[in-house]
There are 2 protein chains.
Amino acid sequence: MTENSTGSGEPSRTLALLWGEPTEAPRRKGPARSVTVPQVVDAALLLADEQGLAAVTMRAVAEKVGVSAMSVYTYVPGKPELLDLMVDTCYFRMTRKPWGRLGWRKRLVAVADANRELLSGHPWLTEVAALSRPPLGPGVMAKYEHELAAFDDTGLSEVDIDAGLAYLLGFVQSHCRSAHDAARSTTDTAMSDAEWWGANQAVLARVFDAEAYPRAVRIGSAAGEAQGSAWAADHAWKFGLARTLDGLAALIGDDASA
Amino acid sequence: MTENSTGSGEPSRTLALLWGEPTEAPRRKGPARSVTVPQVVDAALLLADEQGLAAVTMRAVAEKVGVSAMSVYTYVPGKPELLDLMVDTCYFRMTRKPWGRLGWRKRLVAVADANRELLSGHPWLTEVAALSRPPLGPGVMAKYEHELAAFDDTGLSEVDIDAGLAYLLGFVQSHCRSAHDAARSTTDTAMSDAEWWGANQAVLARVFDAEAYPRAVRIGSAAGEAQGSAWAADHAWKFGLARTLDGLAALIGDDASA
DNA sequence: GCCGTACACCGTACAATGTACAACGTAAAT
DNA sequence: ATTTACGTTGTACATTGTACGGTGTACGGC
């Protein structure tokens with residue numbers, strides 16, 4: 001195990017798990033299973049949401065569902081597959097309202113907002129979810145289908161729709177990852193931005209040639225002061241989303257926006 | 001240790017390390033140090049570049065520089081700080097040509113290309129480098145200053161320049177992260193895209209309702225076939241970069257591009 | 001010249017992780 | 001009643017970051 005990467009292991013076994021094992025012969029030989037796969041996944045999700053991805057250990061999940069550590073392996077082939085299931089489950093539970101008569105721009109804003117909300121509720125997703133080659137479960141498929149539909153009336157080619165959606169989601173994921181670990185660095189060091197700046201200022205003053213970095217000093221402090229750190233994330237969001245939509249508008253041709 | 005997060009520990013100590021310890025009294029009491037901090041960092045960089053971030057263990061670094069595992073801690077407070085040093089060193093070594101008379105669009109393309117090249121040469125950077133609150137070392141500062149200068153004649157406000165740069169870099173990082181772990185998933189499973197698809201097709205055919213996901217099937221296979229997987233990354237790059245620049249152009253006002 | 005002290009270095013040890021392995025028990029199939 | 005397949009579990013191992021204490025070295029003050 002090298003990393004928290006998703007999507008390793010025997011693929012067909014993983015797929016069967018993701019889709020709920022439809023080949024399940026209802027009667028088996030041995031003793032009855034004491035829990036279910038969704039219970040295991042839910043336990044892992046609870047741990048990740050409440051205490052972060054690092055708290056998702058096989059032993060912790062096992063204890064949460066009330067079995068021994070090794071029993072988890074009878075439900076799930078290993079930790080990477082468990083992560084796949086967690087991701088797909090999160091995707092599956094997103095609410096998906098039909099698009100109705102909204103223009104493409106409002107649709108894409110809705111896609112972005114929904115993904116931002118998802119990643120705010122499950123920050124660990126930014127550390128785990130791969131944009132490319134995700135686990136092909138029902139959640140991923142439903143999400144993909146629904147978000148593709150947001151591009152229905154844009155007139156883009158199929159390849160461009162795929163690329164455009166990936167681009168939009170890439171922005172959201174990148175933003176949320178930054179916002180998330182900015183929030184975490186102020187949280188789990190128990191050190192406010194002001195304190196951190198104060199602690200470093202002494203060293204910086206001794207070592208730092210302000211004349212060598214005029215723009216960095218000017219713009220960095222301007223950006224730093226203007227943004228109360230909590231507000232900063234919101235500003236970056238509005239800025240980035242507007243840029244992203246304008247960039248796509250240049251490709252689509254803005255007929256009926258607003 | 002929870003994660004490969006950068007930037008923990010006593011901040012002033014880290015800063016002094018980053019800036020090469022200018023308070024260094026040249027003569028000390030005990031025996032001479034057998035190696036130097038840059039040697040330690042270079043060893044770690046070599047490991048990361050050649051065998052991935054997971055190969056950067058304190059023991060491996062120690063062996064590479066020829067000391068015992070615990071001796072590394074006399075050069076570096078801990079692993080997070082070592083990662084900070086690695087990141088800052090990579091940034092510091094980027095080539096920075098003065099911008100001359102290029103228009104803003106070409107400048108931003110150059111910024112994006114340079115960062116893409118950086119992240120291609122050091123893929124582990126996408127797993128470690130935080131866009132927000134990076135280690136304030138000389139490399140980070142020089143890079144920041146140089147890239148801010150690319151916005152010099154755009155007429156943007158200071159806050160917008162900062163946001164615009166972050167937006168551009170966010171795209172590059174997001175793209176390279178996807179490209180990198182797409183490449184890795186075809187590499188380290190020893191399974192080509194074709195094999196992977198073949199292995200999954202049987203299960204998917206049994207479980208998958210093609211009528212439920214018309215767009216996903218159509219667009220997904222269109223995008224999949226059109227892209228020979230190696231070509232896909234390049235296409236996504238060109239697409240995304242064009243969108244990003246168009247998005248910024250909508251803010252800047254395109255006077256003299258090309 | 002001598003010695004105390006500060007510091008570099010190192011071996012050992014510990015807690016946490018994913019998971020391989022084998023023993024044990026249970027319930028359906030024969 | 002015996003076989004057989006499978007769920008459950010305890011133990012064990014390799015790997016990680018790093019805390020701790022011991023050992024030796026070289027400089028500063030006498």
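So that the names make sense, note that chain A is the first sequence line, chain B the second, and so on, each numbered from 1.
Every residue two or more places apart in sequence or in another chain that forms a salt bridge (Lys or Arg N to Asp or Glu O under 4.0 Å) with Arg116(B) is listed here: Asp234(B). Residues satisfying the side chain to side chain contact (heavy atoms under 4.5 Å, CB included) test with Gln51(A), not counting sequence neighbours, are Leu47(A), Ala55(A).
Between Leu47(A) atom CG and dG18(C) atom P the separation is 11 Å, expressed in whole Å. Between the CD atom of Glu63(B) and the C1' atom of dC9(C) there is a distance of 17 Å, given to the nearest Å. Taking atom CZ on Arg33(A) and atom P on dT26(C), their separation rounds to 18 Å, with Å as the unit. Protein atom CD of Glu81(B) is 12 Å distant from nucleotide atom C1' of dT18(D), rounded to whole Å. What separates NZ of Lys29(B) from C1' of dA6(C) is a distance of 5 Å, to the nearest Å. Lys79(B) places its NZ atom 15 Å from the P atom of dA19(D), with the value rounded to the nearest Å.
Side-chain N/O atoms of Ser34(A) include one lying less than 4.0 angstrom from OP1 or OP2 on dT8(D). Contact between the side-chain N/O atoms of Thr74(B) and the OP1/OP2 oxygens of dC9(C) is found at a separation under 4.0 Å.
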Name each donor-acceptor pair under 3.5 Å that joins a side chain in residues 69-76 of chain B to protein atoms two or more places apart or in another chain, with its distance.
| unit_1 | atom_1 | unit_2 | atom_2 | d |
| --- | --- | --- | --- | --- |
| Thr74(B) | OG1 | Ser71(B) | O | 2.7 |
| Tyr75(B) | OH | Ser34(B) | N | 3.3 |
| Tyr75(B) | OH | Val35(B) | N | 3.2 |

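Ring centers of Tyr144(A) and Tyr91(A): at least 6.0 Å apart, outside the cut-off.
Less than 4.0 Å separates DNA chain C from at least one heavy atom of each of the following residues of residues 64-73 of chain A: Met70(A), Tyr73(A). Of all the residues in residues 55-62 of chain B, Arg59(B) reach under 4.0 Å from DNA chain C with at least one non-hydrogen atom.
Within a 6.0 Å radius of CD in Glu63(A), no more than 12 heavy atoms belonging to other residues, nucleotides or ligands are found.
Here side chain to side chain donor-acceptor pair (under 3.5 Å) pairs that include residues 35-48 of chain A, with residues two or more places apart or in two chains, are Asp42(A)-Arg93(A).
Nearest nucleotide to the side chain of Pro31(B), out of dG24(D), dC6(D), dT19(C): dG24(D).
In this structure, His175(B) and Phe171(B) have tilted ring planes: the angle between them lies in the 30° to 60° band.
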